Protein chains: 2
Amino acid sequence: METLYVSRYEAIGLNVTEVRALKSADNASLVEYLVEAIVDGVMEHRYAPGQRLIATDLAEEFNVSRAPVREALHVLAGEGVVELVANRGARIRKLTLKERIDFLEFTEALCMLGVRRGTDRIEKGDNREKLDDTFVEIEEAWSRRHAGDFVDSLYRYHIMLNHISGNNFVEFFYRRPYIRFYTIMLADLTPGGHWDEYISNYREIHQIILTGNQKKAVERFSRHISWVLSFMESENVNLN
Amino acid sequence: METLYVSRYEAIGLNVTEVRALKSADNASLVEYLVEAIVDGVMEHRYAPGQRLIATDLAEEFNVSRAPVREALHVLAGEGVVELVANRGARIRKLTLKERIDFLEFTEALCMLGVRRGTDRIEKGDNREKLDDTFVEIEEAWSRRHAGDFVDSLYRYHIMLNHISGNNFVEFFYRRPYIRFYTIMLADLTPGGHWDEYISNYREIHQIILTGNQKKAVERFSRHISWVLSFMESENVNLN
DNA sequence: TATTACCATATTGCATACAAAATCATCGAC
DNA sequence: GTCGATGATTTTGTATGCAATATGGTAATA
């Protein structure tokens, strides 16, 4: 039964084992594979923001026909990762500074839910250990001053916190391609010395979460958000 | 130049004028049109949750080929409005009670950002009047006990608040098909007498927002979220 | 030189074609 | 009657084809 899929997948250069793994993993179709591949391409800076994506070329690159490529491009357009204009094809979206700042505000606001619910459940299972491990990765990336890894580990911290909180929608949301896309674009924000205060805030908040004191955690995170909003506001002055 | 599109659109029964309006409005392709049409179908309860969507049938219904239908279905699958399993086609997604509750938590948490930022900007332009008008619609729908209209007006209140707050990402997010889809599904929640307290909370919060007192608004909304979480928690006991 | 008109080429949008896979009804064994 | 096998039918996934449209370059004009 599995082997029947091979004919469709080997066109893109996957061998039988890989195809089986792919299929059993998530029942992925070529389209899902292409969506992943294109997003990965952006993550790895192989496709630059603003760059045009030509269906024919992608089809050739992945050794498939234009049909699944077009379907994938439509998915990504719905996601806001590419911009799709009728009869003019697709481009990787270019995010303005304003868009990236708005997104940062958005995720910070969302993280509050994780803080609220997460503190309630931090005692259960190995939640405390898992969350703490992820925070270590943040600290580690920060000590290396690696913007990409820093943003990435923060992203995983948020996911972990919301996973602990037990709200599946938040997790579903965080894993969407456009969230990954927006998140990676935050790495270019580099708002100078502000990150110093940013991570110091998170360090405090993380410690409070570990104690399981919801009231204190919410209060501290609320102050953090106010701070984010205020410095964003000032940062924003000289921009569109 | 415009007329050249006609041949593509008249297949789905649109006349030249309609096509021109459509095109000039948002440069929509057939796919975008189909996405809208299918989402509308769900909103109008023509397609029920769990119902299978057969590409061939949809193509016939809209008088187009399967290619754009499939592209639209992939967009909707990415959105989480339909469920797409390889070789098994698409179904309108069925949301569990848990999923709907998680979503409600999610939007409430998000609304906090609007409350925070909105109070800052409530004085500008005709923000106060527009927000108040939307709240009147909530009250009106509530007085008629019309679940659909109630949820819909609440949705528009959230959008309005976030529009005032000036965060474009939140607005972009709220207008996504899957958010509309999830929101409409909230109408079936009908958590008994709880809505009474829910709207009474919002009435208070709305009044505080109008005064522009950010600190008080945030504090009051924070209490509201705690209340939502707590009653959700108890409501949740006997369910998956 | 700068600007426009024009044509060749590239690319898109949608339709169609066909093999692979799932679904469904029928039948037979128990 | 229930269960499982078998084959016809339906439906999917992808490839290909073709007309509509955009793009880019060249030549003609001012």
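The structure presented is a predicted model; accordingly, all values stated were derived computationally and were not measured. Order of the sequence lines sets the chain letters (A, B, ...), proteins ahead of strands, with each chain counted from 1.
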Evaluate the criterion ring-ring contact (aromatic ring centres under 6.0 Å, His included) for residue pair A/Y178 and B/F172; output intermediate values, then yes/no. CA-CA 12 Å; A/Y178 74 98; B/F172 158 76; 5.7 Å; yes
Between B/L30 (CG) and C/dT16 (P), how many Å, whole number? 13 Å
Whether the side chain of A/E99 engages the backbone of A/T96 through a donor-acceptor N/O pair (distance < 3.5 Å, no angle test) should be reported. yes
At under 4.0 Å, does any side-chain N or O of A/S65 touch on OP1 or OP2 of D/dT14? no
Whole angstroms only, please: what is the CG-C1' distance between A/N63 and D/dT14? 13 Å
How close or far is atom C1' of C/dT23 from atom CZ of B/R52, stated in whole angstroms? 8 Å
Using a 3.5 Å distance criterion without hydrogens, assess whether the side chain of A/N162 forms a donor-acceptor pair with backbone atoms of A/N167. no
Output the distance between atom NE2 (A/H158) and atom CG (A/L113), rounded to the nearest 0.5 Å. 12.0 Å
Taking only the side-chain nitrogens and oxygens of B/T56, find out if one of them lies under 4.0 Å from OP1 or OP2 of D/dT12. yes
Specify the separation, in whole Å, of atom OH of B/Y33 and atom C1' of C/dC14. 16 Å
So, B/R93 side chain and B/V82 main chain: donor-acceptor pair closer than 3.5 Å or not? no
Polar contact flag, side-chain donor to acceptor under 3.5 angstrom, A/E108-A/Y198: yes
Within residues 66-75 of chain B, find the residues that approach DNA chain D with a heavy atom at under 4.0 Å, and present them sorted by residue number. B/R66, B/R70
From CG of B/N87 over to C1' of D/dT9, roughly how many Å is that when rounded to an integer? 16 Å
Of the listed nucleotides D/dT12, C/dT11, C/dG13, the one nearest the side chain of A/I54: C/dT11
If you assign each of A/R91 and B/L53 to its closest nucleotide in DNA chain D, which residue comes earlier from the 5' end? B/L53
Quick one: closest heavy-atom pair of A/Y174 and A/C111, and the distance? OH-N, 4.4 Å
B/L58 has an atom CG; how far is it from atom P of D/dT11, in whole Å? 11 Å
Is any side-chain nitrogen or oxygen of B/R88 closer than 4.0 Å to OP1 or OP2 of C/dT23? yes
